[in-house]
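In what follows, a structure is listed as structure tokens, so that the remarks can point back to it.
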Amino acid sequence: MPIHNLEVAQKFNKLANLLEIQGANPFRIRAYRNAARVIDSLSKDIADMIAEKEDLTELPGIGEDLAEKIKTIIKTGELPLLKQVEKRIPSVLSELLEVEGLGPMRVKMLYKNLKIKSIEDLKTAIKKGRVRKLAGFGEKTEKKILQGITHRYEYAKRNRLADTFSIVDSLIRHLKRDKTVKQVECAGSFRRRKETVGDLDILATAEDGKKTVEHFIKFEEIAEIISRGPTRSTVRLRSGIQVDLRVVPETSYGSALLYFTGSKEHNIAIRKIAVQKKLKINEYGVFKGKKQIAGKTEEDVYRQINLPYIAPELREDRGEIQAAQKKQLPQLITLESIRGDLHCHTSATDGNADLAAMAKAAEELGYTYLAITDHSQRMSMTHGFDKKAILAQIKAIDKLNEKMKKLVILKSIEMDILEDGSLDLPDEVLKELDLTVCSIHSKFNLPQKKQTERLIRAMDNIYFTILAHPTGRLINQREAYAINIEQVMQAAKERGCILEVNAQPDRLDLNDIYCKMAKEMGIKLAINTDAHSVSQLDYMKFGVFQARRGWLEKSDVINTLPLQALKKLFKR
DNA sequence: GCCGTTTTCGGCCCGACTGTTTTCAGTCG
């Protein structure tokens with residue numbers, strides 16, 4: 001049974017939590033958390049790295065000790081130190097740290113004095129009024145903890161990025177109604193375009209922060225005001241989303257934006273560089289001694305530590321700072337460079353607009369090509385195409401293409417990959433198409449080896465062009481099916497197959513880490529909407545966001561090419 | 001526990017708000 005990166009990361013995180021409750025050296029705790037994060041965002045299985053005798057201490061934040069611990073976990077599935085610590089601090093205490101308002105000190109107090117181990121214990125103790133009697137606790141703290149327990153279940157899920165766009169829009173419009181507010185922007189993971197967003201972090205500049213906060217808390221969607229001070233406030237909206245507002249003077253806007261955009265890890269890394277240069281960076285600016293020397297724009301702040309501007313999507317401390325120092329940052333792809341969409345459906349199968357409507361909409365977006373990719377026969381519930389139906393659609397497209405002025409409709413199909421890796425329609429039909437978009441819609445639970453072989457065998461077919469939603473995951477709903485992603489990518493590279501970045505808000509598949517991995521392996525990608533309606537063609541921006549987070553440039557993405565160059569790529 | 005243009009020891013990012021205190025610890029981002 002192979003041990004996955006996630007499990008190694010979870011063990012380190014748990015150990016960090018327990019050590020924190022125990023009162024260990026905070027920097028040692030940070031080292032474990034940092035290692036967990038680094039391992040979790042690796043594009044490669046750490047077990048494979050060990051098998052290939054790679055030096056784990058080359059990884060940032062991994063030294064001799066942690067490298068040994070990782071090897072032990074991979075070999076035995078256990079972390080002896082964690083077992084040892086669990087003897088003194090029950091493992092379940094880790095879960096108490098997830099409650100809003102509870103940190104390591106309070107969890108320790110609750111355990112030592114009241115023997116509280118679980119959330120259930122905690123609820124009972126609060127009901128009996130025992131918690132408020134502890135030193136440092138009071139009635140209000142008790143109430144807050146109780147609320148934290150409720151919120152833990154209600155608001156545990158992070159929101160899909162696309163779902164937060166309209167909320168952010170109404171928040172910003174509300175703040176702008178206050179005429180003393182000058183600049184407003186939503187920072188945080190929203191600005192980094194992370195596929196899911198937890199809290200919303202709003203930054204504003206104004207002369208009088210107190211007045212701005214007063215205006216902010218009048219926002220009609222607010223359910224609860226959690227805190228309010230002269231420069232910041234935290235509220236919870238009726239939708240459950242927490243919003244943090246921060247107000248700073250204009251001279252600090254850049255450094256505050258940087259700080260509030262994060263990621264936390266990116267901030268720590270750049271503040272460290274500042275310390276080396278005898279400077280201090282905080283949300284108010286860059287300081288030399290007590291004197292502010294920069295802070296109005298993000299560019300100013302980066303310049304002070306000899307770095308070029310780093311796009312928000314890259315700010316994860318996953319190598320962007322090192323790349324910036326070497327002047328090797330990618331020129332990230334933009335929405336404007338997309339020339340067409342290579343995956344969409346019509347009402348002939350499960351879409352809700354017909355061929356002409358989809359083509360017209362794509363033309364209005366300024367596209368020069370659009371591939372129509374209705375389902376194949378295996379997808380019977382969508383009225384998937386058999387041989388006769390696809391030949392009829394080819395005819396219809398030929399006819400419509402004669403009338404189109406600026407747009408060429410490409411003939412294609414979303415071909416089901418069957419359990420044995422064969423394709424759902426014979427080659428004699430596939431050769432009539434410009435390209436194929438192939439994907440898995442059944443048998444998600446095959447063992448990893450079989451699922452990997454299934455995909456590779458499908459790619460053996462010379463009419464296979466694009467692997468659509470390559471991992472099959474659905475955000476907050478379904479895990480990816482088990483495949484060896486490195487082997488699949490290697491096979492795609494050898495056969496000249498393209499991988500998709502599917503822009504549907506609940507797919508965003510490939511994810512950011514796999515995008516970067518594909519790019520590093522020299523594989524080309526296509527960003528497609530998989531639109532089932534005219535309006536869904538606008539999902540393209542979400543695909544581009546994910547691609548940017550995956551360091552993709554225009555040259556990595558095939559649907560930035562002019563039609564002639566694109567067609568050459570389709571020929572294998 | 002990691003790390004090194006202050007290099008094998010001694011540092012490790014920085015500040016706001018709340019509640020329980022009566023000057024600050026704890027938590028959060």
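This structure is a prediction, so every number in the text was calculated from the model and none was measured. Letters A, B, ... are given to chains in the order of the sequence lines, protein chains preceding strands, and every chain is numbered from 1.
Taking CG from A/Leu79 and CD from A/Gln84, the interatomic distance works out to 10.0 Å, rounded to the nearest 0.5 Å. Between the CD atom in A/Glu520 and the SG atom in A/Cys515 there is a gap of 11.5 Å [rounded to 0.5 Å]. If you take CD1 on A/Ile149 and CD on A/Glu120, they are separated by 8.5 Å, rounding to the nearest 0.5 Å. Once rounded to the nearest 0.5 Å, the distance linking CD of A/Gln292 with OG of A/Ser252 reads 5.0 Å.
Atom name C1', nucleotides B/dT21 and B/dC17: the rounded distance is 15 Å, in whole Å. Taking atom P on both nucleotides, B/dC2 is separated from B/dT6 by 23 Å, rounded to a whole Å. Taking the C1' atoms as reference points, B/dT8 lies 33 Å from B/dG15, given to the whole Å. Separating the C1' atom of B/dC13 from that of B/dT23 is a span of 25 Å, rounded to the nearest Å. One P atom belongs to B/dG26, the other to B/dT20, and the distance between them is 14 Å to the nearest Å.
Applying the ring pair (Phe, Tyr, Trp, His ring centres under 6.0 Å) rule to A/Tyr259 yields no partners; only residues at least two apart in sequence or on another chain are considered. Annotation: ring pair (Phe, Tyr, Trp, His ring centres under 6.0 Å) contacts of A/Tyr309 (sequence neighbours excluded): none. Annotation: salt bridge (charged side-chain N to carboxylate O under 4.0 Å, His left out) contacts of A/Arg478 (sequence neighbours excluded): none. A/Gln276 pairs by the side chain to side chain contact (heavy atoms under 4.5 Å, CB included) definition with nothing, not counting sequence neighbours. Partners of A/Asn484 under the side chain to side chain contact (heavy atoms under 4.5 Å, CB included) rule, at least two apart in sequence or in another chain, are A/Gln448, A/Thr452, A/Glu486, A/Gln487.
If you check every strand for non-hydrogen atoms under 4.0 Å, A/Ile281 touches sugar and phosphate atoms only. A/Lys143 comes within 4.0 angstrom of no nucleic acid atom, judged by non-hydrogen atoms across all strands. When heavy atoms are screened at a 4.0 angstrom cut-off, A/Glu139 is found touching the sugar-phosphate backbone but no base atom. Across all strands, A/Asn282 comes closer than 4.0 Å only to sugar-phosphate atoms, never to a base (heavy-atom distances). Within 4.0 Å of A/Pro230, counting heavy atoms only, lie sugar-phosphate atoms of the nucleic acid but no base atom.
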Handout entry: B/S/- contact track for nucleotides 24-29 of chain B, protein heavy atom under 4.0 Å
Key = --SSSB
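With a 4.5 Å cut-off on side-chain heavy atoms, A/Leu237 and A/Gln242 do not count as touching.
Between A/Arg132 atom CZ and B/dT20 atom P there is a gap of 10 Å when expressed in whole angstrom units. Across the protein-nucleic acid pair, A/Ile145 atom CD1 and B/dG19 atom P stand 12 Å apart, rounded to whole Å. Look at CZ on A/Arg33: it is 14 Å from C1' on B/dG1, rounded to the nearest Å. Spacing between atom CD1 of A/Ile202 and atom C1' of B/dA16 amounts to 18 Å, rounded to whole angstrom units. Straight-line distance from the CG atom of A/Asn267 to the P atom of B/dA16: 15 Å, rounded to whole Å. Whole-Å rounding puts the A/Ile62 CD1 to B/dG1 P distance at 13 Å. A/Gln147 places its CD atom 11 Å from the P atom of B/dG19, with the value rounded to the nearest Å. Atom pair A/Lys140:NZ and B/dT21:C1' shows a separation of 14 Å (rounding to whole Å applied).
Between the side chain of A/Asn282 and the backbone N or O of A/Gly285 there is at least one donor-acceptor pair closer than 3.5 Å. With A/Asn5 contributing its side chain and A/Lys44 its backbone, the two residues share a donor-acceptor pair below 3.5 Å.
Less than 4.0 Å separates DNA chain B from no heavy atom of any residue of residues 309-324 of chain A. Within a heavy-atom distance below 4.0 Å of DNA chain B, the residues of residues 203-229 of chain A found are A/Ser227, A/Arg228, A/Gly229. Within a heavy-atom distance below 4.0 Å of DNA chain B, no residue of residues 285-298 of chain A is found.
A/Arg549 pairs in a salt bridge (charged side-chain N to carboxylate O under 4.0 Å, His left out) with only one of the listed residues (A/Glu313, A/Glu320, A/Glu316, A/Glu195), which is A/Glu316.
Ranked by how close their nearest DNA chain B nucleotide is to the 5' end, A/Arg246 and A/Leu59 are led by A/Leu59. Comparing A/Lys280 and A/Lys277 by the nucleotide of DNA chain B that holds the closest heavy atom to each, the one mapping nearer the 5' end is A/Lys277.
With a 3.5 Å ceiling on both atom-pair distances, B/dT8 lacks any Watson-Crick or G-U wobble partner.
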Give every donor-acceptor pair under 3.5 Å between a side-chain atom in residues 92-107 of chain A and any protein atom, sequence neighbours left out.
| residue | atom | partner | partner atom | Å |
| --- | --- | --- | --- | --- |
| A/Ser94 | OG | A/Asn17 | ND2 | 2.9 |
| A/Glu98 | OE1 | A/Arg152 | NE | 3.3 |
| A/Glu98 | OE1 | A/Arg152 | NH2 | 2.9 |
| A/Glu100 | OE1 | A/Arg236 | NH2 | 3.1 |
| A/Arg106 | NH1 | A/Gly101 | O | 3.0 |

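Distances shown here put every side-chain N or O of A/Tyr284 at or beyond 4.0 Å from the OP1 or OP2 atom of B/dC13. Residue A/Thr141 places at least one side-chain N or O under 4.0 Å from the OP1 or OP2 atom of B/dT20.
For residues 28-42 of chain A, the set of pairs meeting the salt bridge (charged side-chain N to carboxylate O under 4.0 Å, His left out) definition, not counting sequence neighbours, comprises A/Glu20-A/Arg33, A/Arg37-A/Glu265, A/Arg37-A/Asp317.
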Exercise for the section: Output, in order, the C-alpha distance, side-chain angles, deciding distance and verdict of side-chain hydrogen bond (donor to acceptor under 3.5 Å, both in side chains) for A/Thr180 and A/Glu207. Expected result: CA-CA 7 Å; A/Thr180 66; A/Glu207 279 155 26; over 6 Å; no
Which atoms of nucleotides 10-12 of chain B (N or O only) lie under 3.5 Å from a protein N or O atom, and what are those distances?
none

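Side chain of A/Asp65, nearest nucleotide from B/dT6, B/dC2, B/dG19: B/dC2.
Ring-plane geometry between A/Phe542 and A/Phe165 is classed as perpendicular, the angle between the planes exceeding 60 degrees on a 0 to 90 degree scale with a lower cut at 30.
Relative to the ring axis of A/Trp551, A/Lys516 places its NZ or CZ within 45° and under 6.0 Å from the centre.
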